[in-house]
Structures are given as C-alpha cells and as structure tokens.
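Below you'll find the structure, written out as structure tokens, and then a few comments.
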Amino acid sequence: MAEDAILGFLQTNDEIADSHQFSASIGVDHTELENVIKRLHGFEIVEAKDFKKDNYLVSEEGKQYALEGSPEVNFFLAVPVEGISLANLKAKLDSKVFSIGSSWAKKNGWIEIAKGSVTRKVENVEDKVKDLLKRIEEGKVVDGNDVADLSKRKLIVKQTWRGYTLRKGSKYVSKRKKAATDLTREHLQRGDWKDLEFKEYNLNAQGQPIQIGHLQPLLEVREEIQNIFLQMGFEEMPTNNFVESSFWNFDALFQPQQHPARDSHDTFFLKAPSTTRYLPEDYVERVKCVHESGGYGSKGYGYDWKREEAEKNLLRTHTTAVSTRMLYMLAQQRPFMPKRYYSIDRVFRNEAVDRTHLAEFHQIEGLICDHGLTLGDLIGVLEDFFARLGMSKLRFKPAYNPYTEPSMEIFSYHEGLKKWVEVGNSGMFRPEMLLPMGLPEDVNVIAWGLSLERPTMILYGIDNIRDLFGPKVDFNLIKSNPLCRLGLQ
Ligand code: PHE
C-alpha cells in the first residue's frame with residue numbers, strides 16, 4: 001500500500017520532500033512508512049536522505065485552550081464594561097481560569113485591578129494564543145518567538161522527528177513485481193510460472209533451527225566413561241534395582257552390623273516392604289560365620305550376627321552391592337572364568353543436601369576378578385583408566401573400607417584448580433568377602449568406585465550440583481552445552 005503510494009507519487013513528481021507530510025497525506029503511520037522507505041532504499045528503488053526536524057505537539061492544556069479559548073481571554077470576557085468586584089468574578093470563573101487568566105490579562109494590559117475590583121482597559125481583545133495553538137495543531141508554521149512563548153507556558157512540547165526526502169533510485173520502477181518464493185502446483189497448472197519472477201536463493205541465510213533432543217551432561221559423561229570401560233574389555237553389570245537388602249549392601253561385604261554407615265542417618269531404609277524374603281541360605285550361613293567367628297584365616301568381628309538386620313530393605317548406598325551379587329553368581333559357575341565388570345548407576349545416601357551433595361548420585365564402579373591379582377595390578381589399571389579420562393597424574397593414599405584390604409583413595413592433580421582432588425576410592429576385596437561366596441582361593445578382585453557427578457561438574461565448570469541434577473536444571477544450558485570430550489586415548 002504505502003509502497004505503491006511512494007512509487008506512484010514519484011512517477012509524476014521529482015521528490016517527496018518530507019516523509020512526515022507524505023505519511024499524513026496518505027493516512028499511513030510514519031513508522032510503517034519508514035520501514036517501506038528503508039526497504040526501497042536498500043533495493044535502490046528510491047534514494048532516501050534523512051533529516052531531523054523539530055516538531056511541536058500541542059499539550060493537553062494547549063488542546064483545551066485551542067477549543068475553549070485562552071484563560072486570559074475568558075477572564076477578560078467575564079469582566080463587564082462597568083467593572084466587577086474580584087470576589088464576584090472569582091465566584092463566576094473556574095479557579096484556574098481566574099488565576100492564570102488574571103495574571104496574563106494584566107500582563108497584556110487588558111485590565112486593571114484596583115481596590116478589590118476589576119475594570120477593562122481596552123474594548124476588544126484577540127485570542128492570539130488560541131489561534132496559534134490551532135495553527136500548530138493543523139501542522140502550520142508559526143513564528144519562532146510565539147513558539148518560544150507557548151513552550152514556556154507548556155502549551156506545546158517539542159519533539160525531534162527523523163524524516164526523509166525521497167527521489168527515484170537507480171533501479172526505480174513504478175510498480176514492483178512481487179517475486180515468487182516457491183514454484184507451486186498452481187503455478188504449473190495455470191502456466192503463469194513462465195512470466196513469474198522468482199526470488200533468488202539466499203545461500204547465506206541461516207536455516208531453521210532443528211528441533212532435536214539433547215543429552216544431559218551426566219548422560220554424556222556416562223556414555224564417555226562407558227566407552228572407556230568397553231575399550232578396556234569390561235562388561236556391564238545389571239544395576240536395575242535401587243532397592244536392595246542390607247545383606248547384599250552390607251553383610252556380604254563383611255561390613256559389621258554395628259557399622260555407623262548402617263545407621264538410618266546414613267541409609268534410607270524402606271517402610272514397605274521393609275524386609276527381603278529371598279536370601280541364599282547356605283551363603284547366608286557362611287556370611288554369618290565369618291562375621292561372628294571368622295574363618296579363612298580371619299578372626300571375624302566376634303559379635304552376634306542377626307538375620308533380621310540383614311533382611312532390612314534399603315535404597316542401595318553403593319553399587320558395590322551390585323558387584324557383590326555378580327561376584328557371588330560368578331563364584332557359582334564352574335569352571336571359574338576371569339571377568340571384568342563395570343556399572344554406572346544411581347545410589348542413595350541420607351546426607352545433608354548442599355551445593356556439592358544430593359541425597360542421590362551416580363556411582364561408577366569397575367572390578368576385575370582373576371587369579372593372582374596384586375595391588376600393582378590395581379594401580380596399573382587405575383592409571384590406565386584415569387589417563388583415558390584425561391587424568392594422568394595420580395596419587396594413592398592408604399584408606400579403610402570394611403570390604404577391601406588394602407584400600408586406597410585416588411587423587412588426581414587438577415590443572416585448572418592447581419591442586420590434588422580426590423577422584424575415587426579403591427581396593428582389593430577381602431578374603432572374608434570372597435571366600436564365603438565360593439570363589440577359588442587364589443582368585444583376587446581389584447575394584448574401584450567414583451561418582452559420576454564430580455568429574456561432570458569439573459568438566460562442565462558447574463559449581464552447584466543443583467544446576468546439574470534435579471528440577472532447577474536449565475534446559476537452555478543443556479541445549480547449548482558443548483560436548484565435553486574426555487581425554488580419550
Ligand atoms: N563402594 C565404595 C564407595 O561407595 C567405592 C569402592 C568400590 C571402594 C570398590 C573400593 C572398591 O565409595
């Protein structure tokens with residue numbers, strides 16, 4: 001519409017001198033016209049030169065004066081030829097008209113106020129203010145001094161407008177053909193494709209964003225770690241049971257029943273079903289014995305082992321419960337076959353929640369079960385595994401776990417943080433754990449565990465675990481996160 005109006009006007013005229021006047025004359029909003037002008041200028045169909053122009057708008061008060069007359073004239077007209085007392089005049093007039101009108105009428109020398117009464121000094125007055133305001137409303141030019149006076153009285157307000165002068169551009173046409181963007185079935189049927197102008201392909205245009213799923217950082221790092229285990233010849237263990245019995249989570253691991261980790265402060269116990277019904281009886285018997293009086297060269301703990309305690313259901317506190325089940329199953333097979341197992345899944349601990357701890361997290365666990373393994377094998381495997389994760393400077397610190405001997409905490413030097421950070425826990429499973437299962441005497445198990453969250457937070461630079469896991473995770477962050485490649489070798 002506006003485009004046709006501009007092009008049509010320029011066909012018979014040299015220029016459009018002022019886009020504001022033009023927009024008013026065709027009844028189009030100037031901002032809309034400005035968009036059209038910019039587009040046509042871009043295509044060189046018109047040549048637009050911009051200019052700044054001061055424009056005056058009549059204020060609300062000014063509009064009222066333009067309609068009803070200025071207060072000074074209304075004041076003057078209310079004064080009868082014979083004069084009037086101020087009090088009577090005040091009662092007759094609107095208070096604003098009275099106050100503003102009296103002072104301007106006096107300043108203009110139209111009236112005289114003496115001894116409490118008002119008299120006219122001239123016969124007639126002209127309402128110049130009203131006339132000026134009307135002229136400004138109509139967009140007519142008025143004298144600079146008058147503009148200054150009206151501005152001072154806040155009857156008009158200055159606005160600076162950007163306007164354009166338009167002339168034909170080098171590619172001027174009186175009417176633009178709208179270029180077709182697609183060749184349609186209708187075009188072919190009607191045959192008008194022969195005369196159509198098609199829009200050129202813009203090969204630099206950005207494509208539509210593709211809607212696809214995105215992996216959560218934890219899932220990405222999990223996949224990377226899974227690949228490392230697979231490359232090292234490990235098989236995945238089935239971890240699909242969050243609910244576990246105390247027997248498999250603690251007792252089978254030679255963890256005494258009075259151990260503080262078995263307290264409800266550290267472990268979530270289930271209300272219903274509160275106990276397990278199935279435990280392998282003869283194995284339970286051997287576990288009871290090893291706790292109470294030892295065997296296999298051990299003294300045991302020397303306390304009264306209670307089955308009720310072992311039957312209590314809980315949310316597993318570590319995936320070592322899964323490793324234990326797998327080792328027990330492996331021990332039942334003949335002949336014995338060496339195995340490398342791993343798992344990455346969720347565990348639960350009744351901990352105080354803070355910026356780095358949640359009551360649930362993911363554990364990564366690896367184990368190797370074979371004849372004659374030593375601590376040297378464990379250190380070698382850990383160095384290989386962590387180097388593939390991008391951590392090649394490791395240190396080991398003696399530690400304690402009820403089920404491993406020796407046990408080692410694993411530290412890695414963090415180049416970014418410039419310090420040693422704890423990255424995992426490891427050890428060789430004790431004979432008190434392995435022999436009651438029925439594993440051959442010369443078979444050892446080396447194992448280690450770490451959380452999935454910790455390396456993920458370091459890799460993605462996340463310092464609050466709630467930004468990584470739970471309802472506060474920001475979807476946009478997940479979408480825009482770069483893939484964090486671990487140091488795969
Ligand atoms: N279960 C240990 C933990 O929860 C990790 C671990 C696994 C330690 C295997 C030694 C051997 O921290």
Side-chain angles (χ1 to χ4, degrees), residues 225 228-229 232 234-237 239 241-242 244-256 259-263 265-268 314-328 330 339-351 356-370 373-386 389 394-412 421-434 437 439 443-455:
I225 292 175
I228 291 174
F229 274 120
M232 291 174 71
F234 283 64
E235 282 171 54
E236 189 170 8
M237 297 186 271
T239 49
N241 58 316
F242 291 170
E244 186 54 277
S245 63
S246 296
F247 179 79
W248 288 109
N249 196 82
F250 294 127
D251 296 281
L253 281 116
F254 197 51
Q255 194 145 329
H259 193 280
R262 297 181 66 148
D263 202 281
H265 289 297
D266 294 301
T267 303
F268 290 111
L314 45 75
L315 292 179
R316 69 173 175 228
T317 63
H318 53 182
T319 44
T320 316
V322 178
S323 306
T324 311
R325 277 181 181 272
M326 289 302 283
L327 287 170
Y328 173 73
L330 192 63
K339 284 282 180 193
R340 291 169 172 232
Y341 285 134
Y342 81 92
S343 70
I344 307 173
D345 208 345
R346 205 173 287 198
V347 299
F348 306 85
R349 290 186 193 172
N350 195 356
E351 281 186 285
T356 49
H357 292 91
L358 289 179
E360 55 187 293
F361 62 98
H362 295 79
Q363 256 187 355
I364 304 165
E365 177 136 339
L367 69 88
I368 302 177
C369 179
D370 205 346
L373 291 171
T374 65
L375 192 66
D377 291 309
L378 176 58
I379 292 175
V381 171
L382 290 177
E383 272 173 350
D384 185 7
F385 174 80
F386 280 97
L389 275 170
L394 290 190
R395 266 188 194 170
F396 303 100
K397 185 176 151 192
Y400 172 77
N401 295 309
Y403 40 92
T404 51
E405 179 60 32
S407 313
M408 302 186 301
E409 275 168 5
I410 310 157
F411 288 78
S412 160
V421 289
E422 194 194 328
V423 290
N425 184 2
S426 67
M428 298 187 69
F429 284 143
R430 296 182 77 104
E432 291 97 324
M433 170 180 169
L434 300 181
M437 290 176 172
L439 282 170
V443 165
N444 305 107
V445 178
I446 54 176
W448 70 99
L450 60 146
S451 90
L452 176 64
E453 280 76 0
R454 203 183 173 104

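Order of listing sets the numbers, starting from 1, for every ligand and every atom in it.
- The aromatic rings of His318 and Phe250 sit tilted, their planes meeting at an angle between 30° and 60°.
- For atom 1 (N) of ligand 1, the nearest non-hydrogen atom of the protein is Thr320 OG1, 2.7 Å.
- Contacts with ligand 1 closer than 4.0 Å are made by no heavy atom of Glu409, backbone or side chain.
- Proximity of the aromatic rings of Tyr342 and Phe229 is defined here by a centroid distance below 6.0 angstrom, and this criterion is met.
- When each atom of ligand 1 is checked for a heavy atom of Gln363 under 4.0 Å away, the hits are 3 (C), 4 (O), 12 (O).
- Taking atom 6 (C) of ligand 1 as the reference point, the nearest protein heavy-atom neighbour is Gly449 N, 3.9 Å.
- A donor-acceptor contact shorter than 3.5 Å links the side chain of Glu453 to the backbone of His362.
- What you find for Pro402 and Arg430 is that their closest heavy atoms are O-CD, 3.0 Å.
- Under the 3.5 Å distance criterion, with hydrogens and angles disregarded, a donor-acceptor pair is assigned to the side chains of Thr374 and Asp377.
- Judged purely by atom type and a 3.5 angstrom limit, Asn444 has no side-chain atom pairing as donor or acceptor with the backbone of Met428.
- Of the heavy atoms in Ser426, only backbone atoms (N, CA, C, O) come closer than 4.0 Å to ligand 1.
- The nearest non-hydrogen atom to atom 2 (C) of ligand 1, considering only Phe429, Tyr403, Trp448, comes from Tyr403.
- Applying the 4.0 Å criterion to heavy atoms of Asn401 picks out, from ligand 1, the atoms 8 (C), 10 (C).
- No side-chain N or O of Thr317 forms a donor-acceptor pair with one of Asp266 less than 3.5 Å apart.
- A heavy-atom separation below 4.0 Å is found between Arg349 and ligand 1.
- Within ligand 1, counting atoms from 1 as listed, the ones closer than 4.0 Å to a heavy atom of Ala447 are 9 (C), 11 (C).
- Checked for salt-bridge contact, Arg349 and Glu351 miss the test: no charged N lies under 4.0 Å from a carboxylate O.
- Contacts between Thr319 and ligand 1, counted as non-hydrogen atom pairs separated by less than 4.0 Å, are absent for every part of the residue.
- If you number the atoms of ligand 1 from 1 as listed, the ones under 4.0 Å from a heavy atom of Asn425 come out as 8 (C), 12 (O).
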